[in-house]
Amino acid sequence: MKHSERSQERLARSLQMLAEIESGSKTPSRIETAVMERWDAIQKRRVPSRTRRVVRVATAIAAGITIFGALAWHNVTVRLKPETTPTVRLKPDMTTESQYTTVAVVGGPLMADEPIRVVRMRVARSVLGELGIPSPAQRGAAPAATVDIDVLVGEDGVARGVRVPISEL
């Protein structure tokens, strides 16, 4: 037996005992009449007047118009807001292709007409090795501590590839 079933049974027994106790005592008729008159007077006052109904309806309509206006204003301002970062579509350029080496980082190759963004970063030379790009020391000069790379970021914000200038290797 569940706790709620026991509570229901206990409530039923208590109400039955109360009914038996009350049935033994009779309320005087003058008290019963006074209580019923008071009840009727309160119930008559609760009937809403026409003015109250009109005010309630007008308030509900005004609230609806306000909510609708706020949503419409929000949609207009969102559509009019300029895009903060431009989207770049890469087109094959054979002149710059020979100056860069590209290494795919995540996922497969870029799909045709996939919008991507190019983010230029300056990273430590040791990061190139972690990305799988061999970084031989430059001949005759001390290698720079940092390297400029271009990260190709897809529309979903995931890095699709890394471009490293050949001059940096």
Side-chain angles (χ1 to χ4, degrees), residues 1-90 102-133 146-147 149-164:
M1 179 178 285
K2 294 181 181 177
H3 177 68
S4 61
E5 291 174 359
R6 281 187 268 147
S7 297
Q8 291 292 333
E9 287 179 10
R10 187 177 305 147
L11 178 64
R13 277 195 316 247
S14 297
L15 289 175
Q16 186 178 8
M17 288 172 46
L18 180 63
E20 289 173 5
I21 292 170
E22 290 294 322
S23 66
S25 64
K26 181 70 176 154
T27 306
S29 62
R30 63 181 173 80
I31 294 176
E32 190 172 329
T33 304
V35 168
M36 292 307 289
E37 284 176 4
R38 180 81 174 151
W39 174 265
D40 290 339
I42 290 173
Q43 290 302 319
K44 285 181 184 175
R45 279 189 276 160
R46 286 193 178 177
V47 175
S49 66
R50 181 177 176 167
T51 306
R52 282 187 180 174
R53 280 184 275 163
V54 169
V55 168
R56 285 181 186 166
V57 169
T59 304
I61 290 172
I65 290 171
T66 302
I67 291 171
F68 178 76
L71 290 175
W73 178 73
H74 176 71
N75 286 340
V76 167
T77 57
V78 168
R79 270 190 254 133
L80 294 178
K81 187 185 294 184
E83 190 174 321
T84 55
T85 55
T87 301
V88 178
R89 295 189 184 269
L90 291 182
T102 303
V103 177
V105 174
V106 178
L110 293 171
M111 296 172 36
D113 292 332
E114 178 182 2
I116 63 166
R117 298 170 198 253
V118 178
V119 179
R120 177 147 299 165
M121 298 176 62
R122 181 168 287 153
V123 297
R125 185 171 289 281
S126 61
V127 172
L128 293 178
E130 294 174 12
L131 293 173
I133 301 171
T146 60
V147 178
I149 62 172
D150 294 336
V151 180
L152 307 177
V153 181
E155 190 174 21
D156 56 358
V158 176
R160 298 282 190 235
V162 176
R163 289 189 340 170
V164 181

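Heads up: numbering here begins at 1 and tracks the sequence. Owing to the predicted nature of the structure, the values given are computational and were not obtained by experimental measurement.
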Mind checking side chain to side chain contact (heavy atoms under 4.5 Å, CB included) for Ile65 and listing every partner two or more places apart, or none if nothing turns up? Ile61
Where do Ala159 and Val151 come nearest, in terms of heavy atoms and distance? CB-CG1, 3.9 Å
With side chain to side chain contact (heavy atoms under 4.5 Å, CB included) as the test, pick out the partner of Val164 among Ile149, Val123, Asp150. Ile149
Nearest 0.5 Å, please: how far is CZ in Arg163 from CZ in Arg120? 7.5 Å
Do Leu152 and Val118 come within less than 4.5 Å of each other through their side chains, counting heavy atoms only? yes
Can you name the residues that form a side chain to side chain contact (heavy atoms under 4.5 Å, CB included) with Ala124, not counting sequence neighbours? Ser126, Val127
Across all chains, not counting sequence neighbours, the salt bridge (Lys or Arg N to Asp or Glu O under 4.0 Å) partners of Arg122 are Asp148
